[in-house]
Amino acid sequence: MAIDSETLERHGLIPAEYDKILDILGREPSITELGIFSVMWSEHCSYKSSRIHLKTLPTTGARVVQGPGENAGAVDVGDGLVAVFKIESHNHPSFIEPYQGAATGVGGIIRDIFTMGARPIALLNSLRFGPLEDARTRGILEGVVAGIGGYGNSIGIPTVGGEVAFEEGYAGNPLVNVFCLGLAKAGSLVMGQASGAGNPVYYVGAKTGRDGIHGATMASAEFDERSSEKRPAVQVGDPFMEKLLLEACLELMQTDALVGIQDMGAAGLTCSTSEMGSRGGAGIDIDVSRVPQRESGMTPYEIMLSESQERMLMVVKQGREAEVERIFEKWDLHAVPIGEVTTDGQLRVRQDGAIVAEIPNGPLADQAPLYDRPTEPPAYLATSSRLDLEALPELPATDAALRTLLGSPAVASKRWIYRQYDHMVRTNTISPAGMGAGVVRLKGTNRALAMSVDGNGRHSYLDPHLGAMLAVAEASRNVACAGALPIAATNCLNFGNPERPETMWQFARAVAGIGEACRALDVPITGGNVSLYNETDGQAIYPTPVLGVVGVIEDASRVLGRVFPGAESTVLLLGGGEGALGGSEYLKLICGQVAGSLASLSLEAERALQLLLVELAGEGLIRSAHDCSDGGLAVALAECCFDTGGVGAELMMPDAPGDALGDGRIDVSDASMLFGEAPSRVLVSVADDDFGLVRMRAEAAGVPIAGQGRTGGDRIRVSLAGRPVLDIAVAEAETAWRQGLERYFEDRAA
Amino acid sequence: MKARVFVTLRPSVFDPQGQTIADALHSMGYGGVQDVRQGKYFELDLDAATPDAARALAGEVADKLLANPVIESYRVEVD
Amino acid sequence: MKARVFVTLRPSVFDPQGQTIADALHSMGYGGVQDVRQGKYFELDLDAATPDAARALAGEVADKLLANPVIESYRVEVD
Amino acid sequence: MKFAVVVFPGSNCDHDAYHAVKHVLGADAEFVWHKEADLKGADVVILPGGFSYGDYLRTGAIARFSPIMAPVVAFAEAGGPVLGVCNGFQVLTEVGLLPGGLLRNRSVKFLCEQVHVRVEAIDTPFTCAATAGQVLRMPIAHGEGNYFAPPDVLDALEANRQVVFRYCDAGGEIIDAANPNGSARGIAGLCNARRNVVALMPHPERACESAVGSADGLVVLESAVAALGSDGMLRTG
Ligand SMILES: Nc1ncnc2c1ncn2[C@@H]1O[C@H](COP(=O)(O)OP(=O)(O)O)[C@@H](O)[C@H]1O
Ligand SMILES: [Mg+2]
């Protein structure tokens with residue numbers, strides 16, 4: 001069959017890319033070969049638009065055991081253990097089938113982790129939706145949360161944390177990013193490599209069907225009303241099958257019979273064979289007629305491109321076949337040999353012995369096109385940065401504003417979500433969901449790991465560079481607030497169409513910001529995922545980099561949470577005092593504006609603050625820690641009082657500027673103090689006896705103490721330069737916070 | 001008026017539930033069960049004047065809520 | 001040969017799924033849907049010589065596995 | 001004395017139960033694979049939580065047919081102490097060792113959170129070290145924990161004092177608001193007529209160390225040790 005321009009377009013290939021294929025093959029490709037090139041060279045698999053930027057990220061460090069390039073990154077966490085972790089997006093599938101889309105996203109990231117030889121021990125999720133006033137959005141949220149729970153709960157991996165945000169821009173394109181972390185013994189990581197000529201190539205797991213063909217190309221194109229035609233690319237997840245695969249693969253990895261293994265995720269058999277081959281510098285020769293199939297009459301094209309879930313590809317040592325097959329049989333799985341490793345570097349695909357595709361592995365996997373796409377600052381930035389604070393309408397009373405903020409789904413308690421996730425299975429979860437970063441202890445050691453995923457699309461929209469730096473800072477600060485030293489990061493970059501110079505500019509600026517912040521905060525990037533083309537009908541999402549940071553706590557008994565321990569503690573605000581209203585939740589919610597400049601970030605100050613927190617926590621000098629993020633200082637103070645049984649607190653900010661307007665009204669500078677947002681600020685509680693020592697340590701670390709107060713009573717109070725500016729009952733604030741998200745779903749509960 | 005709605009996965013979509021049941025039946029000795037597909041079944045009590053109206057309402061409800069056309073198809077029966 | 005098995009909760013058993021769907025439909029404006037009950041629906045592909053043999057096999061499988069008689073009842077249909 | 005922890009392919013609280021027995025309680029524990037045909041001389045059997053066979057059809061429906069269930073039933077019928085937790089409870093109702101069944105939670109949602117249960121009977125091998133009316137804080141994590149039995153069966157359970165745990169508030173009050181899933185009469189756990197088979201939806205094995213939120217569940221395992229005594233003979237009540 002001749003390859004015409006229509007066929008090329010259907011495969012998402014441009015003429016220049018086709019020329020390159022002709023060059024590599026020295027002839028016309030068959031349709032199967034074209035299909036293989038098209039998925040390997042799709043944006044999703046090849047990172048062709050993003051790679052030149054990603055290359056600038058810091059990826060090395062003393063603790064980094066495995067950087068980007070394998071199925072997941074890995075870092076040394078001490079005691080002879082490595083943490084293997086990564087984040088992955090499943091945005092498009094979750095929009096068209098929320099439950100299964102989200103569920104299979106969880107399945108995919110779990111496979112990436114156990115493929116490395118690590119037992120998955122924790123999941124996190126980062127979610128973005130449109131406003132909940134829309135019934136369709138509520139349906140998507142319900143489906144996504146049920147799907148994440150449905151998969152993770154069943155397989156028995158606790159979902160220990162996450163984040164969720166609501167902005168108009170995500171209504172037609174929600175974001176579902178899932179993070180998984182696993183644990184392996186140092187030196188026992190398994191690689192996705194094929195080597196050793198003659199070694200058999202095994203297929204194990206679910207049978208291959210026609211579902212999901214071109215999923216990778218779907219994730220590499222915009223959405224429009226015609227997308228419904230591509231719909232069968234969503235699959236039904238099978239967590240039970242995955243549980244069997246997980247246990248069987250981990251059991252196999254206890255032996256030394258395995259050479260390499262990779263899951264069949266996006267681009268299925270194509271991607272796993274060619275990537276394993278190219279990593280090992282080997283060829284692979286498989287016969288698709290030996291691949292277990294669910295449907296009859298499947299063509300080699302369909303088999304190579306199918307994205308059926310819950311499948312693995314393995315290379316095992318010649319002579320060890322029986323042992324391998326026995327382990328899988330124990331778990332009621334049938335591992336079948338479908339080919340072998342060769343020396344000639346070719347990906348050779350046969351059907352009943354006859355060759356149907358023959359492509360050199362190296363060029364296929366590594367010579368994908370690379371684009372340095374044009375960039376251009378978006379026009380909106382000229383106006384969005386303008387914010388005339390003097391022109392804001394009259395501001396509401398502070399207690400009313402706080403209630404509104406606490407009751408908005410973005411800030412409110414996320415219990416409605418995380419109670420649907422089994423966050424305790426495996427009995428390692430020290431900090432239950434809702435307490436800050438997710439923290440799991442490492443049985444058999446004194447250590448624990450803390451992890452957090454954070455991002456802020458609104459911030460990144462207003463300033464992609466700073467917004468990305470703030471995301472790095474927040475994720476690692478959340479980890480430090482648990483008492484953990486941040487040691488490494490992963491990232492999921494959710495952006496629009498890279499062929500638009502404005503989007504590409506946002507992307508480039510964000511990656512630069514991430515690199516800068518990760519270097520300064522010493523959290524190298526060990527992997528991640530890029531999700532582009534997040535647009536529906538030409539409407540792009542906010543540029544949304546999501547950072548996942550992992551930290552180590554040396555003494556698991558010293559883990560900190562958000563909540564004040566009770567009355568009679570000293571409260572300190574570590575770090576700077578004032579926040580900025582630009583881009584804040586307050587400005588959006590109370591004033592209806594998304595505009596202005598974000599508060600700046602000093603990476604040195606941030607680093608000093610985080611190291612101080614880790615040191616104080618490790619010595620048991622602080623009892624709780626919570627950073628000021630969405631909603632600013634007032635919200636953070638309130639959150640420290642929640643779940644205490646109604647214990648209040650008072651905070652005094654001595655050096656606050658500004659004058660009261662009198663008669664209960666507040667001015668813009670009061671609002672910035674209370675609700676403005678800025679990085680590098682953490683509320684901690686300290687036993688009175690330790691206060692002097694903590695103050696000395698803070699001074700020595702160069703971390704200012706911007707406010708001081710006490711826990712007690714049943715009200716939340718703040719004063720600025722001696723002037724009371726906020727006074728609200730804990731119970732009233734807590735009710736608003738508890739119901740803020742739940743109230744949208746009340747009518748659905750029996 | 002009663003309507004029954006049957007929701008099944010589209011034929012091309014893998015049905016892990018049915019597959020697991022089939023596997024279990026095989027290991028229980030029911031080799032004669034070659035394949036199982038599991039779907040959902042809804043009985044609706046409708047306030048409708050005619051069977052046609054009931055059928056239309058049930059179809060609309062199935063479209064909107066009971067089935068996701070991305071992976072499922074449905075069939076309506078009215079007495 | 002094909003058999004269809006319908007499994008429903010016994011009438012005395014409260015059906016939270018059906019109730020949730022009914023509530024959702026009401027809030028979507030479908031007041032005409034008075035009640036919803038959700039059940040399970042199985043399509044079996046059977047190796048059976050006669051419809052009667054198929055019916056017997058499907059019934060046995062339903063008894064043993066597909067339905068739990070404490071909470072559910074079932075019905076078998078064969079073409 | 002030795003605990004057997006039965007492992008179905010989709011069990012996921014098997015390691016938690018093993019850890020609680022072996023490393024917290026300090027007793028001997030052994031995993032028993034579901035395809036095995038004997039209990040390896042165990043004195044106590046635990047059917048742990050999880051999704052034994054994916055549980056797409058009905059929780060516990062397929063596990064009931066696993067080879068290991070024949071020896072488990074024989075062990076129970078001979079009076080051996082059997083504890084079912086969460087999915088284990090579901091399996092025990094499916095196999096007929098306990099009456100009733102577990103329906104979808106009334107909210108139709110999976111729920112994972114700490115709840116309180118009141119110990120309603122202390123003459124079982126898994127509650128004999130507790131005090132009557134003691135309130136235990138333990139987590140639940142299930143989508144189908146809504147206990148159902150016909151009214152006459154419920155009445156018989158009450159009459160025979162087979163209700164072992166009931167959902168309650170922190171003060172031990174049995175109120176509907178403290179019932180997380182809609183279980184009939186607030187039933188969180190029960191025993192068979194002979195009282196040696198006990199099952200509950202909350203997870204005592206996840207509540208054995210205060211580091212992970214609560215140590216209240218340990219009494220359930222300690223009871224088994226007390227019940228069996230040093231000679232391994234079952235004595236309760
Ligand atoms: N989607 C989610 N899944 C699980 N837990 C979540 C989710 N969203 C929020 N949480 C939990 O709720 C708590 C508050 O979240 P968030 O407001 O984002 O915290 P922070 O401001 O400290 O980053 C955290 O403990 C977080 O883990
Ligand atoms: Mg956050």
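Keep in mind that this is a model prediction, so the values were computed, not measured. Naming convention: chains lettered A, B, ... in sequence-line order (proteins, then strands); numbering from 1 in each chain.
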Identify all side-chain donor-acceptor contacts of residues 217-224 of chain D below 3.5 Å with residues at least two apart in sequence or on another chain.
| from | atom 1 | to | atom 2 | distance (Å) |
| --- | --- | --- | --- | --- |
| D/Ser223 | OG | D/Cys128 | N | 3.2 |
| D/Ser223 | OG | D/Ala129 | N | 2.9 |
| D/Ser223 | OG | D/Val219 | O | 2.7 |

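Side-chain atoms of A/Lys243 come within 3.5 Å of backbone atoms of D/Ser11 as a donor-acceptor pair (strictly under, hydrogens ignored). A donor-acceptor pair under 3.5 Å links the side-chain atoms of D/Lys35 to the main chain of A/Lys330, judged by distance alone. A donor-acceptor pair under 3.5 Å links the side-chain atoms of D/Asp16 to the main chain of A/Arg426, judged by distance alone. Within the 3.5 Å criterion, the main-chain N or O of A/Phe240 finds a donor-acceptor partner in the side chain of D/Tyr56.
Between chain A and the options D/Ala141, D/Gly10, D/Pro9, D/Gly54, the largest number of non-hydrogen pairs under 4.5 Å is found for D/Pro9. Each of A/Asn153, A/Thr429, A/Val145, A/Asn428 has some count of heavy-atom pairs under 4.5 Å with chain D, and the biggest count is that of A/Asn153. Per-residue counts of heavy-atom pairs under 4.5 Å with chain D were compared for A/Ile155, A/Val425, A/Asp238, A/Asp332; the largest is that of A/Val425. In terms of heavy-atom pairs under 4.5 angstrom with chain D, the leader among A/Trp331, A/Tyr418, A/Tyr421 is A/Trp331.
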Handout entry: Candidate pair D/Cys112 and A/His423, rule side-chain contact (heavy atoms from CB on, under 4.5 Å), full reasoning
Key = CA-CA 7 Å; D/Cys112 174; A/His423 47 269; 3.6 Å; yes

Practice task
Take A/Phe745 and D/Lys109, measure what side-chain contact (heavy atoms from CB on, under 4.5 Å) needs, and give me the verdict at the end.
Solution key: CA-CA 12 Å; A/Phe745 301 95; D/Lys109 298 214 161 19; over 6 Å; no

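Distance CZ/A/Arg419 to CD1/D/Ile140: 8.0 Å, rounded to 0.5 Å. Going from atom CG of A/Asp422 over to atom CZ of D/Phe51 covers 7.5 Å, rounded to the nearest 0.5 Å.
For D/Tyr53, the parts sitting under 4.5 Å from any heavy atom of chain A are the backbone and the side chain alike. With a threshold of 4.5 angstrom between heavy atoms, A/Pro239 approaches chain D through its backbone and through its side chain. For A/Glu247, no part lies under 4.5 angstrom from a heavy atom of chain D. Using a 4.5 Å cut-off between heavy atoms, A/Leu244 contacts chain D through its side chain alone, with no backbone atom that close. Heavy atoms of A/Ile157 lying under 4.5 Å from chain D are absent altogether.
A salt bridge is defined here as a Lys NZ or Arg NE, NH1 or NH2 lying under 4.0 Å from an Asp or Glu carboxylate O, and D/Glu209 with A/Lys443 fails to meet this definition.
Considering only heavy atoms from C-beta on, D/His19 comes within 4.5 Å of A/Thr427 through its side chain.
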